[in-house]
Every structure is written in C-alpha cells, then in structure tokens.
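Read the structure below first, then the notes.
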Amino acid sequence: MNKKPIVAILYDFDSTLAKADMQNFGFIPSIGMTPAEFWGETTRFSAATGVERTLSYLYMMVKKAKEKGIRMTREWLRSMGKDIEFFPGVLDWFSRINDFGKEIGVKVEHYLISSGNIEIVEGCPISREFKVKYACEFYYDEEGLPVWPKLAINYTQKTQYFFRISKGVYDATDDVGVNEKRPERRIPYRNIVYIGDGMTDIPAMIIAKNNGGKSIAVYPEGKEEKVQGLFHDGRVNFVCPADYRAGKELDKVMKLILRSIAISESLGSRENHERAD
C-alpha cells in the first residue's frame, strides 16, 4: 500500500501569520519602549557597529531587559507570546488545511522558519501546530539568563531549511546530513509551499519556486503594493491578502495547490505501477 504523499507548508511568522513583529506585542511594551524606538535603536546600533541586524536585535533585547531589571528567562519570554495578534483565520487555519489534505489523500505538515524568537513563539497559541520550528534562540546560563545566541536566522539563512525539511534532516546543527546527496527525499521539492510577506522572504520564495514548489506572498488587506512587485518579477507564484479564513483567496489558493499535488502524485504513482507491470 502506497504511503500518502507529504506536503510541507513553510511559514515566515512576523507580518505573515502575526500582524507585526512578534516582539511588538509583549516584549517591547514591557521594556517601556515603542516598536519605533526599539527597532530604530537596533538599526542605529547595527549601522554603528557593523553587527548583523538579527544579531543586533538579539543583543538589544538582552541589553534593554538588563537596563529595566527584568530577568529575561526562557519562561518570561514565552509569556510574551500570549498576546500576539494574528491575521484573520490563522488560529483555525492549520486544522482546516490538515482536514482538506486528508480528504484528497495527502498529509500536510507545517514548518516555521522565522527570524523572530523561538521562545516567544513557544508561548503563542499556534506553536503546537508546527512539526518543526526554526527561529532565533538564546543560550542560557545556570541562572536561566541569556548569555549568547544559540541560533540566529537571517533572511538568507532561511534557505537552508528548505533543504533540511525536504531531506528530513531537522537538527539545525547537522551540517553533514543537510549537505549529503540524497536522491530519495522525504518531501520532494515540488511538494513544498513557502508563505512569506516580503523582501526578507525573497531568497526562500525563489528557492521554493525555482525548485518546482510554490511560493505565496501575503499582504495586509489594502496594501497589495507591498508584494505586487514580487509577482511581476517572477519571484512568487501567488500574492494573496493575509486573510486565512475559510473561503477567502488564500484558502482557495492553498487548496488548489494541494489538489494539484494530490493529482500529480496520483498520476505519478499510477505511471510507476504500470511500468512495473
């Protein structure tokens, strides 16, 4: 009996599933700053020191928490995820798409690839929906306080996780497995969909599209200009409003993609069976 084909949906988080950067909802208010102040100071620090922007914001988080006398433990950061605001339909999107996949004979898996904080994601209501989550993470000392970045993911580094997920090499520290030649992939490239919101997702979107998968750029209602250029430049397959509710454009596009994969896999399986006969 043939196994169900697997479809992997890869997601950015900030401004893709959440309405803004995840730090904006809990962390930044807790240190007495506005998002404009925190991200502005991060940008200036990066420009002045040459520290890469993702590493800069991680540094600024530690610095500002210390200045406010906050013990920024993993548990405290998790508590910053509970108030994240998501786009419409996100909370029940995963179960609906999973159910649709079952109806048409494919297994859907969801993966997160984010430059945000894994600790904050762990405290949000959709954390459990992802098979694997890749995001920036701190290394904590014996007192439970962050002392160094354990993992930092910027927009170009996101591309490696496309290959990790395809091969089933999930350990982010496994540099051997991800580079091994594996003719048999757990998830073929053609069965991978990437959903992001803009410029920082371009490398991952192109990797998915150019390898036979699909890429979708989402945008807040009424702000299509943010991503329209990506479509015109051939960097994504689709652009849709960031409305994940049933019956909306994104829901229809995803179901169309899943149905086309199911049909292609079925035809491929039948052709292989006939050749064997």
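We number each residue from 1, following the sequence as shown.
Heavy-atom contacts from other residues, nucleotides or ligands closer than 6.0 Å to NZ of K255 number more than 12. Residue K209 qualifies as enclosed at atom NZ: its count of foreign heavy atoms under 6.0 Å is above 12. Other residues, nucleotides and ligands contribute only 12 or fewer heavy atoms inside 6.0 Å of the OH atom of Y155.
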With side-chain contact (heavy atoms from CB on, under 4.5 Å) as the test, would you mind laying out the steps for F100 and D251 before giving the verdict? CA-CA 11 Å; F100 181 78; D251 179 74; over 6 Å; no
As a quick check of understanding, evaluate ring pair (Phe, Tyr, Trp, His ring centres under 6.0 Å) for Y59 and F45, giving each step before the final call. CA-CA 10 Å; Y59 169 80; F45 173 78; 4.7 Å; yes
List the steps and the verdict of salt bridge (Lys or Arg N to Asp or Glu O under 4.0 Å) for K64 and E67. CA-CA 5 Å; K64 293 300 179 181; E67 288 175 356; 3.5 Å; yes
Before giving the answer on side-chain contact (heavy atoms from CB on, under 4.5 Å), spell out for K63 and E41 the whole-Å C-alpha distance, their side-chain angles and the decisive distance to 0.1 Å. CA-CA 12 Å; K63 179 176 183 291; E41 190 164 339; 4.2 Å; yes
Step by step, would you call K214 with V253 a side-chain contact (heavy atoms from CB on, under 4.5 Å)? CA-CA 11 Å; K214 296 292 187 290; V253 166; over 6 Å; no
Check the pair F87 / D243 against side-chain contact (heavy atoms from CB on, under 4.5 Å), numbers first and verdict last. CA-CA 6 Å; F87 285 112; D243 189 335; over 6 Å; no
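Rounding to the nearest 0.5 Å gives a distance of 12.0 Å between CD1 of I6 and CD1 of I165. Separating the OG1 atom in T73 from the CG atom in D141 is a distance of 11.0 Å, to the nearest 0.5 Å. Atom CD1 of I104 is separated from atom CG of D99 by 11.5 Å, given to the nearest 0.5 angstrom. To the nearest 0.5 Å, atoms OG (S215) and CG (N237) are separated by 4.5 Å. I28 contributes atom CD1, which lies 11.5 Å from atom CE of M22 (distance to the nearest 0.5 angstrom). Taking CD of Q157 as the start and CG of L151 as the end, the distance is 8.0 Å to the nearest 0.5 Å.
No donor-acceptor pair closer than 3.5 Å links the side chain of S46 to the backbone N or O of T42. Of the possible donor and acceptor atoms, one in the side chain of K82 sits under 3.5 Å from a partner among the backbone N and O of S79. Checking side-chain atoms of S56 against main-chain N and O of V51 turns up a donor-acceptor pair under 3.5 Å. Checking side-chain atoms of N191 against main-chain N and O of I187 turns up no donor-acceptor pair under 3.5 Å. Panel note: side chain D233, backbone R235; no donor-acceptor pair is recorded below 3.5 Å. Between the side chain of S127 and the backbone N or O of G123 there is no donor-acceptor pair closer than 3.5 Å.
Between K158 and D12 the shortest side-chain heavy-atom distance falls below 4.5 Å. For the pair V169 and Q160, the minimum side-chain heavy-atom distance is 4.5 Å or more. Two residues are said to be in side-chain contact when any heavy atoms from C-beta on lie closer than 4.5 Å; V218 and Y244 meet this criterion. Counting only heavy atoms from C-beta outward, the side chains of E119 and F138 approach each other to under 4.5 Å. At least one side-chain heavy atom of M254 sits under 4.5 Å from a side-chain heavy atom of I195. Contact annotation: the side chain of I126 never approaches that of L112 to less than 4.5 Å [non-hydrogen atoms, C-beta and beyond]. Using a 4.5 Å heavy-atom threshold, the side chains of N154 and T200 count as separate. Counting heavy atoms from C-beta on, the side chains of D14 and S115 never come closer than 4.5 Å.
Note: the hydrophobic cluster containing L10 also contains Y161 (ILVMFWY, side chain heavy atoms under 4.5 Å, direct or indirect links). By the rule that hydrophobic residues join a cluster once side-chain heavy atoms approach within less than 4.5 Å of another member, W76 and F38 end up as members of one cluster. Hydrophobic clustering of Ile, Leu, Val, Met, Phe, Trp and Tyr side chains at less than 4.5 Å, counting indirect connections, unites L17 with L91. No continuous path of hydrophobic side-chain contacts links L145 to I118 [ILVMFWY only; heavy atoms under 4.5 Å]. Using a 4.5 Å cut-off between side-chain heavy atoms of Ile, Leu, Val, Met, Phe, Trp and Tyr, with links allowed through other members, F238 and L258 fall into the same hydrophobic cluster.
The pair R190-E265 meets the salt-bridge criterion, since a charged nitrogen lies less than 4.0 angstrom from a carboxylate oxygen.
Shortest non-hydrogen contact noted between P146 and M72 is CD-O, 3.1 Å. In plain terms, the two heavy atoms of T159 and A204 that are nearest each other are CG2-N, 3.8 Å. The two residues A18 and F25 make their nearest non-hydrogen contact at CB-CE1, 4.4 Å. Residues A135 and G116 share a closest heavy-atom pair of CB-O, 3.4 Å. Between P125 and G81 the shortest heavy-atom distance is CD-O, 4.2 Å. The minimum heavy-atom distance between S30 and M80, with the atom names listed, is OG-SD, 4.2 Å.
Ring geometry for F13 against F86 counts as perpendicular: the plane angle is over 60°, on a 0 to 90° scale with 30° as the lower cut.
Screening F94, W93, F130 for a ring-ring contact (aromatic ring centres under 6.0 Å, His included) with H110, the sole residue that qualifies is F94. When each of K131, R186, R164 is checked for a side chain to side chain donor-acceptor pair (under 3.5 Å) with Y170, only R186 meets the rule. When the options Y189, Y111, Y194, Y134 are evaluated for a ring-ring contact (aromatic ring centres under 6.0 Å, His included) with F162, the one that passes is Y189.
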